[in-house]
Amino acid sequence: MTYKKLLGASAALLLLPSLGLAQEVDTTPTNAEIGFIFTTFMFLVAGFLVFFMAAGFAMLEAGLVRGKNVTMQLTKNMGLFSLATIFYYLVGYNLMYPGDGWSIDGILGAFSTTSLEPVGLEGAEPDLTYASVGSDFFFQLMFCAATASIVSGALAERIKLWPFLVFTIILVGLIYPIQASWKWGGGFLDGMGFQDFAGSTVVHSVGGWAALAGALILGPRIGKYKDGRTVPMPGSNLTLATLGTFILWLGWFGFNGGSQLYMDSAANVADISRIFSNTNAAAAGGALTAMILTQLLYKKPDLTMILNGALAGLVSITAEPLTPSLGAATLIGAVGGVIIVFAVPFLDKLKIDDVVGAIPVHLFCGIWGTIAVVLTNPAATIGVQLYSILVVGIFTFVVSGAVWFILKMTMGIRVSEEDEIKGLDTSELGMEAYPEFGRG
């Protein structure tokens with residue numbers, strides 16, 4: 001036997017134990033593990049997209065407020081997102097998803113903090129039929145933060161920073177998760193058959209109701225309504241507002257697509273692609289309808305209405321982005337565009353000052369979108385949909401109103417007349433967004 005043959009035979013003998021071991025330990029993922037991996041990955045990617053909506057809200061609001069209040073809006077958005085992260089961890093997540101740990105069955109969840117799986121899943125037995133706790137928590141947190149962002153824009157240019165942030169804590173820690181548990185946590189509305197796929201009611205109308213309560217108690221901006229007419233107060237930067245709208249449009253694919261909740265089969269992946277397509281179609285329908293209507297009514301298209309028309313279409317399709325056809329989704333979004341064009345001046349007639357149009361977009365179109373579910377989803381009934389809208393609306397409006405009133409009586413929620421005229425950037429923060437251009 002040659003030296004090379006002898007060396008090869010020896011090497012083969014040395015490899016036998018390891019070869020045998022490799023045959024004994026099969027590391028090939030099971031079907032359940034593959035589903036767990038893909039669903040977890042979907043939640044993370046969708047969560048990234050919805051997180052980017054925070055930038056969209058910030059840019060939209062920065063563009064639609066006057067230059068003297070831009071820094072305040074950016075500060076509020078940084079603060080509310082950070083507070084949502086902390087208080088959804090401390091209270092909201094487990095309150096929203098109590099499992100079998102309801103404090104009051106179907107109505108009030110359990111108060112406890114969120115725990116993630118151990119590092120490397122050591123000693124853990126995860127539910128492989130779903131996704132990791134961390135990915136689900138991250139994804140659901142983004143919805144909670146989006147709800148608070150809705151309130152921020154509506155009450156801009158006259159509200160104090162710290163009372164607003166105190167309200168945010170209560171909204172993200174208690175109001176939002178309690179009502180969300182009634183549907184998404186397996187509560188009593190879910191038991192009745194309420195259908196709200198990604199949150200036209202659970203997220204958007206809740207933000208709208210909270211904003212409406214705040215706007216009524218806070219009052220309109222100085223000079224907004226004079227002698228029975230509405231005085232226009234143009235935003236500082238329509239470029240930023242347009243950028244913010246497109247960012248929100250992009251984030252909505254994660255908002256609605258991730259709400260499929262599973263990416264463990266070909267059917268689920270096909271449904272996610274269907275949701276993306278319908279979401280996009282509804283936004284286009286809302287934007288185009290607002291463009292055409294403002295041309296007909298005002299002889300010129302109104303960009304701010306077009307931007308809100310796109311958002312109106314997105315909110316309208318959020319309650320059911322899966323079952324409609326592309327044509328139906330476009331029409332559902334188009335109705336949202338109609339609602340915006342007429343709802344914005346309607347609020348002005350009532351002297352309800354909403355700086356960015358958040359109440360028409362998120363509340364009015366949230367209601368429409370929840371009702372529209374019955375047009376394409378046979379599991380929905382008009383009675384249950386309307387009942388659920390009322391229950392969530394009354395709860396959110398009453399509790400939010402009580403909180404705003406208490407804050408008004410204790411901390412005070414509105415800046416002084418002098419500070420409002422001067423601008424919140426310098427009076428509340430001592431910092432301007434555009435110092436080289438002077439005050440807007």
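Bear in mind that the values here come from a model prediction, so they are computed numbers and not experimental data.
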Can you tell me how the ring of F51 sits relative to the ring of F81, calling it parallel under 30°, perpendicular over 60° and tilted otherwise? perpendicular

A side-chain contact here means heavy atoms from C-beta on lying under 4.5 Å apart; do F342 and L297 qualify? yes

Looking at W182 versus F395, is the centre-to-centre ring distance below 6.0 Å? yes

Side-chain H-bond candidate by donor/acceptor type, W249 with N280, under 3.5 Å: yes

How far apart are the C-alpha atoms of T230 and K224, what are their side-chain angles, what is the distance that settles it, and do they pass the side chain to side chain contact (heavy atoms under 4.5 Å, CB included) test? CA-CA 6 Å; T230 299; K224 179 63 178 176; 3.8 Å; yes

Return yes if a side-chain donor-acceptor contact under 3.5 Å exists between Q179 and T396, otherwise no. no

Between R221 and E420, does any side-chain N to carboxylate O distance fall below 4.0 Å? no

Can you tell me which residue among F143, F43, Y97, Y93 is in a ring-ring contact (aromatic ring centres under 6.0 Å, His included) with F137? Y93

Look at the aromatic rings of F253 and F276 and report parallel, tilted or perpendicular, splitting at 30° and 60°. parallel

Is the closest side-chain donor-acceptor distance between W252 and T318 under 3.5 Å? yes

Taking salt bridge (Lys or Arg N to Asp or Glu O under 4.0 Å) as the definition, give me every residue that meets it alongside D190, ordered by chain and number, with sequence neighbours left out. K183

Heavy-atom side-chain proximity of I159 to W404 below 4.5 angstrom: yes

Closest contact, heavy atoms only, R414 versus I222: NH2-N, 3.7 Å

Hey, does S388 have a side-chain heavy atom less than 4.5 Å from the side chain of T370? no

What I'd like to find out is whether the side chain of V391 reaches to under 4.5 Å of the side chain of F188, using heavy atoms alone. yes

Could you check whether the rings of W209 and F397 sit parallel, tilted or perpendicular, using 30° and 60° as the cut-offs? perpendicular

Would you check, one step at a time, whether the test side chain to side chain contact (heavy atoms under 4.5 Å, CB included) holds for L189 with Y387? CA-CA 9 Å; L189 292 181; Y387 176 78; 4.0 Å; yes

Do F38 and V269 make a side-chain contact, defined as non-hydrogen atoms from C-beta onward lying under 4.5 Å apart? no

From CA spacing to verdict: side chain to side chain contact (heavy atoms under 4.5 Å, CB included), W368, I332: CA-CA 9 Å; W368 153 242; I332 290 169; 3.9 Å; yes

What closest approach, in Å, do T294 and P301 show between heavy atoms, and which atom pair accounts for it? OG1-CA, 3.4 Å

Nearest heavy-atom approach of A198 to F255 is O-CE2, 3.1 Å

Would a 4.5 Å heavy-atom cut-off, applied to side chains only, mark I371 and I382 as touching? yes

What are the two closest heavy atoms between M192 and V384, and how far apart are they? O-CG2, 3.7 Å

Do Y176 and V202 have side chains that get closer than 4.5 Å, going by heavy atoms? yes

E320 and N377: which non-hydrogen atoms are nearest, and at how many Å? OE1-ND2, 2.9 Å

Taking all non-hydrogen atoms of both residues into account, name the closest pair between L95 and S181 and its distance. O-CB, 3.7 Å

CE of M431: more than 12 outside heavy atoms within 6.0 angstrom? no

